Every structure is written in C-alpha cells, then in structure tokens.
Colleague: 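What follows is a structure written as structure tokens; I'll ask about it next.
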Number of protein chains: 2
Amino acid sequence: MHRSVRALSRGLALINELNASGPSNVVQLARRTGLNRTTCYRLLDTLREDGYVTFDETNALFGLTPQVRTLSEGVSSRDLSSQAALPAMFGLLDEVSWPSDFGVFELGSVLIRESTHPFSPFSVHRSMVGRRRSLVRSALGKTILAASAPALRREMLDLTVSLVEEDAALAKDRRFVDDILSQTKKDGYASSVGGSEAGISAIALAIPGGGPVLGSLNLIFFSSSMTPELAAKKYLPSMRAAVKEIERRWSAANKARGKLA
Amino acid sequence: MHRSVRALSRGLALINELNASGPSNVVQLARRTGLNRTTCYRLLDTLREDGYVTFDETNALFGLTPQVRTLSEGVSSRDLSSQAALPAMFGLLDEVSWPSDFGVFELGSVLIRESTHPFSPFSVHRSMVGRRRSLVRSALGKTILAASAPALRREMLDLTVSLVEEDAALAKDRRFVDDILSQTKKDGYASSVGGSEAGISAIALAIPGGGPVLGSLNLIFFSSSMTPELAAKKYLPSMRAAVKEIERRWSAANKARGKLA
DNA sequence: CCGGACGTGTTCGCACTGCGAACATTTCAC
DNA sequence: GTGAAATGTTCGCAGTGCGAACACGTCCGG
C-alpha cells in the first residue's frame, strides 16, 4: 500500500480555495485551508513558479492564472452528457440571464457537471462544477427522484442513506419522499428556496433521455427577486426547450458513437 | 526566500499529463512525466483519495474525474474577454462543426483562453485552453500582428524576441514579418498549414474591439480536407459574424461593469 | 519450453524535503 | 503612540516522501 503525499493534497486544497473565493491574501488562505501560514507561502511559491498562480505585489494577493485550466480542460470531452448539455445551457442563459447547472446522480447525491454560473451577470458563485447537491433537498435532486422508476428510485435513496450522512434521515423518511414526488409531479418541476445557500432559490427539470433519467437542469435566482412559482411561470417554457435540445444532442451524439463502434 | 515543493509540482504535472492524454497506465505516465514509477503510484493514490482521479481496476488505467474542474472552473468568470467569446464560439461550432480557439497576446505568444475543441466531432486535441501558440507562425498570432498598430506591433515582436526562444529569429526578420502583414491584409485573414501539428490547418480573424486588438479567433480543420483558401470561402462569413458577436458582448459586459464601478 | 521484455503492485531504510515555531518589519485603526 | 494584525524570512529537526529492489503475471519469438 502506498502512503499519500500530504504536500500534494495541501496544494490542491489551496487551488480549490483560490478558485472558490478568488484572489486572496495569505492569511485568509491559511485560515480557510487550515494550513500553517508559512506552508501556504511555500506551496503558493511553487504554484507561482509553475505558472498556475500570480502574485499581485501591491495588494499582496494571490490569484489563479488561466493556466490552471490545463489541469481540467480535456475532461468534459469524454463526457457525452455534458457535451450535450452545455450548448443548450448557453442558449438558456441568453434567454433568461439567470445561471443554470446540469447535474447527474452519483453516489447518493447530485454531481454538478456543467454550469453557466461563470457566464451569468447574476451569478453569486464562482465555481459550481464538481460540487454536489443533496438528492432530497435540492431542486436538482428532487426532480431526478420524481422522474425515476420506483425500483431505481429505491436504489438511489438506499445509496443516499448509506453514503450521505446529512441526508440519511430524510432519505429514510417515507412520508418526506412521497411528498417530494407528489409535489413535483403536480407542479411539473421541483424547487428549493434557500436550500444550498441562504437567499438563493432554484427550480429544476429532469432530463428523461429515453432510458433511466439522464440528469437534471436547474435555474438559479435570488429568493428576493421572485418566488419559485413566478420563476416557473416565466422561465419553464425556455427550460423545457433546453431540455429538449439536450435530449436531441444526446441522442445525436450516441448515434455518432454507435457508428464508430 | 521559500524553496519550492517538489511533490506538488510533480502531482500537477501528472494531472496535466492525464488531462492531455486521457486515461493512462502507470508506465506511460512515468515515462511521459519523467517521474519514478513508484512516485507516480504514490501521487496518483493521493489524487484518488482526494477524488480527482479514478482507477479502472480491470485495465489498470488512471483517469481524471469531473472533480478536477473544481480547480479551475471559477477562473474564466473573472475574464471578461473569455466570457464574451465562448457563447459566440458555440454558435460558430453549431454552424461549421470544426472547432475554434480564442486567444490573446501575452508574453510574446498567444495564450489560448477558450476553445470548442472538446465539443467538436472533428477535434483531435483534448485540451487546448492554457496552451500557447506562436505569434509569428500560427494563424492566431499572425492576425493579431496584422491588426495591431505599428508601435504596439513593435513591442509585441520585441517581447517575442526576448522571451520566446524558438521564435526569436523570425520575429527579428523584418522581411518575414512584412510578408505576414501584407499577406494577411490582402486576404483579410491569416492562415497556417501544419504549423502547430502535422495535418492540421487553421484560419484566423482578429477581434479589433475598439482599442488595442482584443484577441483572435481561429477555425481548425484537417489539412487533408481542404485548403485555407477553400475554408475561408466557406466559413469566413460565419467567423466574421462570431467576431461581431464577441465584440458586441464585450462592449455590453464593459458597460455593465462601468455601472458597478 | 524457456528467456527476456514489459507490465503491475509492494516493501523498506535513509536522505533530504518540507515543516512550522519564532523573529523582524510594516500597516493601520483608534 | 500603542496594540492588533498584516507580510515576509530564517533555520534546525522530524518525519515525509523517495526510489532501488523485489515478487509476480503475461505475452512473444526462437
């Protein structure tokens, strides 16, 4: 068995933090990552030498350079669902201005695969892709649950119970889950208010895609600017169109793949 | 002075390699990064524990997970020019199917900021963002040169001479540079055949954006499928429309920014 | 059938890397 | 003008991370 390399984990945590919070000074970074301040200096210097980080001398701020994208850029090309989703999400962003995320079920929660957060004038977050949302509390998760066949749904909930500690109780609560299902089916969409973060609401649609549900698409907005009901009234048609387009691209991509194989 | 942390640099090199080449076995990774094989195991195990890497046991292949995008996703949101470019590039991809890159001049060469490579059915490369192209040999670079005012152009070339060893001779060659300018101005676009990679051609347009040139946009295609002249005939109108849209979004974004400041 | 080329996975002792307490200095609020 | 909170640097030592070496499976050509 190989031991793990502490210095690498720590360096990546730093990049993560810089990415999530933007340019920061050393003390902030040290506090938020829990690292010793000197250790931060050393790691940041390394990242700077390698071209991933810049240092603004006048304000003593460290920030990421576009080069960090050499670490991840190729990943999405392997993922057909994301490839299908992102172009449609840009279309949606053009129409409604609010950001949206595309997520898939994985290991008991929803993994966000693509996002137009960085491109929306109303975005609060910097980084969404790779983060997770609750299966039973987020709009993204609830709509996937409601769109799945009962047997598959059971499996998903079981996974949540065993893998996601903070959702285990809710996922076991039959009543709670049934309420999600009936509410979502009645409305035709799922919603959440202040779920992942105070002041932020979302509505979401599942992407059926033929077989087992592909994933789901949400739309994020400020709770103060409108209720989920109003958002649904204004934006559901656009979202439905986006879902349709994702399904179209998805099946087109699959067909192209079939030819190769 | 802080010394640098070798383990971190090595780990990042591994991610880079995985990103550029896709899932690989340990020996390939060790060879390509120049690391000891055991060191690779140790670093990869660390990355796996942290969720950045998966291991396919049956084929003994290591690959990146979508989580690596938590390292970089937020970066583009700070960069207005990229924010303006990507949506337009998706539109272009929809029309022509060939991938394109958006690049800006930096430190004597062109830094690729956005790319639709991962989304094109014809893409050869996995990862383009963050890589660099020659100022004097790539289509992307030549069109920026031709679109810049003489004084600025001189400065750019000087930077290239002093910072980019392999281009220094060409950048100093007055005749060579003049040829680039007259050719590009005559055609209305710049091109390259097999410049960065054998069998790959490109044509490119500058994005003026009012003041000093914003950057440039290229279109990539197989040299065997058509000549640059033919590509220009077929695709220049679409590219020009994309350039227009980028400029539009750019000035809109700047206006919005002005209001905040 | 056997050697040797090439792959995977693991062990372990030691050197040197990376750690962080401690110190010097500046900035700023009150 | 004084204290609280930054930034930036030094340096001796613990222990992390290193990689040579080992064990094993598989494929291929002579």
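These numbers were taken from a predicted model, which means no experiment stands behind them. Throughout, protein chains are lettered first and strands after them, A, B, ... in sequence-line order, and every chain is numbered starting at 1.
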Colleague: Under 4.0 Å from OP1 or OP2 of D:dG19: is there any side-chain N or O of B:T39 that close?
Modeller: yes

Colleague: Taking CZ from A:R10 and C1' from D:dG17, how many angstroms apart are they, rounded to a whole number?
Modeller: 13 Å

Colleague: Please tell me which of A:N25 and B:L35 maps to the more 5' nucleotide of DNA chain D, matching each residue to the nucleotide holding its nearest heavy atom.
Modeller: A:N25

Colleague: Reading DNA chain D from 5' onward, which residue's closest nucleotide shows up sooner: B:A7 or A:V27?
Modeller: A:V27

Colleague: Distance check needed: C:dT10 C1' versus B:F55 CZ, whole Å only.
Modeller: 13 Å

Colleague: Of the listed nucleotides (C:dG18, D:dG17, C:dG9), which one gets closest to any side-chain atom of A:R42?
Modeller: C:dG18

Colleague: In whole Å, I'd like the distance from the CZ atom of B:R31 to the C1' atom of C:dT8.
Modeller: 14 Å

Colleague: A:N36 side chain N/O closer than 4.0 Å to the phosphate oxygens (OP1, OP2) of C:dA21?
Modeller: yes

Colleague: Nearest whole Å is fine: how far is C:dT8 C1' from B:D56 CG?
Modeller: 14 Å

Colleague: Main chain of B:T65, side chain of B:T54: is a donor-acceptor contact present, judged purely on distance under 3.5 Å?
Modeller: no

Colleague: Answer yes when B:E17 and B:R31 have at least one side-chain N-carboxylate O distance shorter than 4.0 Å, and no when they do not.
Modeller: no

Colleague: With a 3.5 Å cut-off and heavy atoms only, can you find an N or O donor on one side and an acceptor on the other between the side chain of A:R37 and the base of D:dG8?
Modeller: yes

Colleague: Atom CG of B:D45 to atom P of D:dC18: distance rounded to whole Å?
Modeller: 13 Å

Colleague: Can you see whether A:T58 engages A:D56 through a side-chain donor-acceptor pair at a distance of less than 3.5 angstrom?
Modeller: yes

Colleague: Which of these nucleotides, D:dT9, D:dT7, C:dG9, is closest to any side-chain atom of A:A60?
Modeller: D:dT7

Colleague: B:L14 has an atom CG; how far is it from atom P of D:dG17, in whole Å?
Modeller: 15 Å

Colleague: Using whole Å, what does the distance between atom C1' of nucleotide C:dA22 and atom OH of A:Y41 come to?
Modeller: 15 Å

Colleague: To the nearest Å, how far apart are A:L44 CG and D:dT7 C1'?
Modeller: 13 Å

Colleague: Does the plane of the ring in B:F62 sit parallel, tilted or perpendicular to the ring in B:Y41? Use 30° and 60° as the thresholds.
Modeller: perpendicular

Colleague: Nearest to the B:R6 side chain among C:dG18, C:dT10, D:dT7, which nucleotide is it?
Modeller: C:dG18

Colleague: For the salt bridge (Lys or Arg N to Asp or Glu O under 4.0 Å) test, which of A:R133, A:R137, A:K172 pairs with A:D167?
Modeller: A:R137

